[in-house]
Amino acid sequence: MRGYCIRTATPDDLDGARRVMLDTVYRDFGTGYVPRWHRDIIDLEKAYVVPGRHTLLVAVDEADGTVVATGALDSRGPAHPPNPREIAERFPSGGTAQLRRIYVQPGHRRRGLARLLVQELLDFAAAEGGYHAVYLHTDPAVTGAEPFWRSLGEVVCDERQLPDGGQGIIHFEIPLRVPAPAGPRALAETPAVS
């Protein structure tokens with residue numbers, strides 16, 4: 001049985017985390033690296049490790065020590081443009097915990113890693129304090145993304161329903177959580193996420 005450890009990324013994890021993220025934007029998104037959308041991937045330390053109230057989590061395969069999944073949180077709300085004005089106003093920077101880069105390598109999917117990463121990020125936001133909302137957006141063209149996020153949060157704007165179709169993404173609000181006890185969580189293989 002394969003085991004995983006979810007933990008805050010260390011400097012030694014950053015190359016592995018970057019690899020998971022870049023693989024995802026090339027393979028799953030089909031866009032490749034686009035600086036205006038993916039700049040944080042190149043300097044993970046500056047985006048998530050150094051700033052207070054931000055974090056980067058990794059899931060590490062205990063069999064070989066490789067990073068197989070990532071999840072990040074920062075205090076930057078969605079900007080307008082390109083996002084709709086009402087979304088930027090509803091989720092202002094500073095008071096919004098934005099979930100980012102929840103990515104799992106294909107060979108490690110359907111084991112509950114994304115859901116566990118989100119739970120840990122929500123615990124982080126609750127423990128940090130000062131966050132009034134948790135926000136994320138997703139591209140419904142990515143297989144499994146829309147149903148996964150619908151299982152965790154509420155759609156606050158589906159741009160596909162806007163008169164011009166917007167960017168075609170879906171904006172979600174995820175409920176804040178009561179923090180869980182601190183510390184790394186070691187995981188055995190978990191049941192599939194439906």
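- Within the 4.5 Å cutoff, the side chain of Val134 has no heavy atoms near those of the Glu173 side chain.
- Using a 4.0 Å cut-off between a side-chain N of Lys or Arg and a carboxylate O of Asp or Glu, Glu86 and Arg90 do not qualify as a salt bridge.
- Cluster annotation: Ile87 and Leu99 are assigned to distinct hydrophobic clusters (Ile/Leu/Val/Met/Phe/Trp/Tyr, side-chain heavy-atom contacts under 4.5 Å, transitive).
- A donor-acceptor pair is defined here as one N or O able to donate and one able to accept, closer than 3.5 Å; such a pair exists between the side chain of Glu159 and the backbone of Gln167.
- Criterion: ILVMFWY side-chain heavy atoms under 4.5 Å apart, direct or through other members. Under it, Leu57 and Ile41 are not part of a common hydrophobic cluster.
- Hydrophobic clustering of Ile, Leu, Val, Met, Phe, Trp and Tyr side chains at less than 4.5 Å, counting indirect connections, unites Ile42 with Leu56.
- Looking only at atom types and distance, the side chain of Asp12 has no donor-acceptor partner in the side chain of Thr10 under 3.5 Å away.
- Under the 4.5 Å side-chain heavy-atom criterion for ILVMFWY residues, no single connected hydrophobic cluster contains both Val68 and Leu22.
- A distance of 8.0 Å separates CG in Leu152 from CD in Gln119, rounded to the nearest 0.5 Å.
- Just one of Phe29, Phe148, Tyr26 meets the ring-ring contact (aromatic ring centres under 6.0 Å, His included) condition when paired with Tyr103; it is Phe29.
- Residue Asp123 holds its CG atom at 11.0 Å from CG of Leu176, rounded to the nearest 0.5 Å.
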Q.
Please determine whether side-chain contact (heavy atoms from CB on, under 4.5 Å) holds for the pair Leu14 and Val49, giving the CA-CA distance in whole Å, both sets of side-chain angles, and the decisive distance to 0.1 Å.
A. CA-CA 10 Å; Leu14 298 183; Val49 177; 4.1 Å; yes
Q: I would like to know whether Trp149 and Ile170 meet side-chain contact (heavy atoms from CB on, under 4.5 Å); could you show each step before the answer?
A: CA-CA 9 Å; Trp149 290 114; Ile170 304 173; over 6 Å; no
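- For Arg101 (side chain) and Ala72 (main-chain N/O), no donor-acceptor pair under 3.5 Å exists by modelled atom type.
- Rounded to the nearest 0.5 Å, atoms CD1 (Ile6) and CG (Leu116) are 4.5 Å apart.
- Put simply, the side chain of His108 never gets that close to the backbone of Val104: no donor and acceptor are under 3.5 Å apart.
- Pairing each heavy atom of Ala145 with each of Thr138, the nearest pair is CB-OG1, 3.3 Å.
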Q: Take Thr143 and Asp28 through the side-chain contact (heavy atoms from CB on, under 4.5 Å) test and state the conclusion after the steps.
A: CA-CA 8 Å; Thr143 303; Asp28 295 338; over 6 Å; no
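- To the nearest 0.5 angstrom, Leu44 atom CG is 4.5 Å from Met21 atom CE.
- Annotation: side chain of Tyr4 is in contact with side chain of Leu113 (closest heavy-atom distance under 4.5 Å).
- Put simply, the side chain of Gln98 gets close to the backbone of Arg76: a donor and an acceptor are under 3.5 Å apart.
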Q.
Thr8 vs Thr55, test: side-chain contact (heavy atoms from CB on, under 4.5 Å). Steps then yes/no.
A. CA-CA 7 Å; Thr8 302; Thr55 194; 4.1 Å; yes
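- Side-chain contact check for Ser75 versus His54: some heavy-atom pair is nearer than 4.5 Å.
- Contact check for Asp43 versus Tyr48: no side-chain heavy atoms found under the 4.5 Å cut-off.
- Summarising the geometry, atom CZ belonging to Arg19 is positioned 12.0 Å from atom OG1 belonging to Thr24; distances are rounded to the nearest 0.5 Å.
- In this structure, the separation between CG on Leu73 and CG on Leu117 is 12.0 Å, given to the nearest 0.5 Å.
- Judged by distance alone, the side chain of Ser93 and the main-chain N or O of Gly77 form a donor-acceptor pair under 3.5 Å.
- Shown here for Ala125 and Ala97, the closest heavy-atom pair between the two residues is CB-CB, 4.0 Å.
- When hydrophobic clusters are built by joining Ile, Leu, Val, Met, Phe, Trp and Tyr residues whose side-chain heavy atoms come closer than 4.5 Å, directly or via intermediates, Val142 is not grouped with Val155.
- Between Pro147 and Gly144, the shortest heavy-atom contact is CD-O, 3.5 Å.
- The two residues Ile174 and Gly153 have their closest heavy-atom pair at CD1-CA, 3.5 Å.
- Note: Phe124 and Tyr131 fail the aromatic proximity criterion, with ring centroids not under 6.0 Å apart.
- In this model, no donor atom of one side chain and acceptor atom of the other lie less than 3.5 Å apart for Thr96 and His132.
- Considering all non-hydrogen atoms of both residues, Gly71 and Leu121 come closest at C-CD1, 3.8 Å.
- Thr70 has its side chain out of reach of Ile102: every pair of non-hydrogen atoms, C-beta onward, lies at least 4.5 Å apart.
- One finds a salt bridge joining Arg7 and Asp13 here, because a Lys/Arg side-chain nitrogen approaches an Asp/Glu carboxylate oxygen to under 4.0 Å.
- By the 4.5 Å heavy-atom criterion applied to side chains, Arg27 and Pro106 are counted as neighbours.
- Using a 30° and 60° split on the angle between ring planes, His137 and His171 fall in the tilted class, from 30° to 60°.
- Closest approach of Ala88 to His80, counting heavy atoms only: CB-CB, 3.7 Å.
- Using the six-membered ring where Trp is involved, Tyr135 and Phe91 have ring planes that are tilted, between 30° and 60° apart.
- Classification of Arg100 and Asp40 as a salt-bridged pair fails, no side-chain N sitting under 4.0 Å from a carboxylate O.
- For the pair Arg160 and Glu146, the salt-bridge criterion is met [side-chain N within less than 4.0 Å of a carboxylate O].
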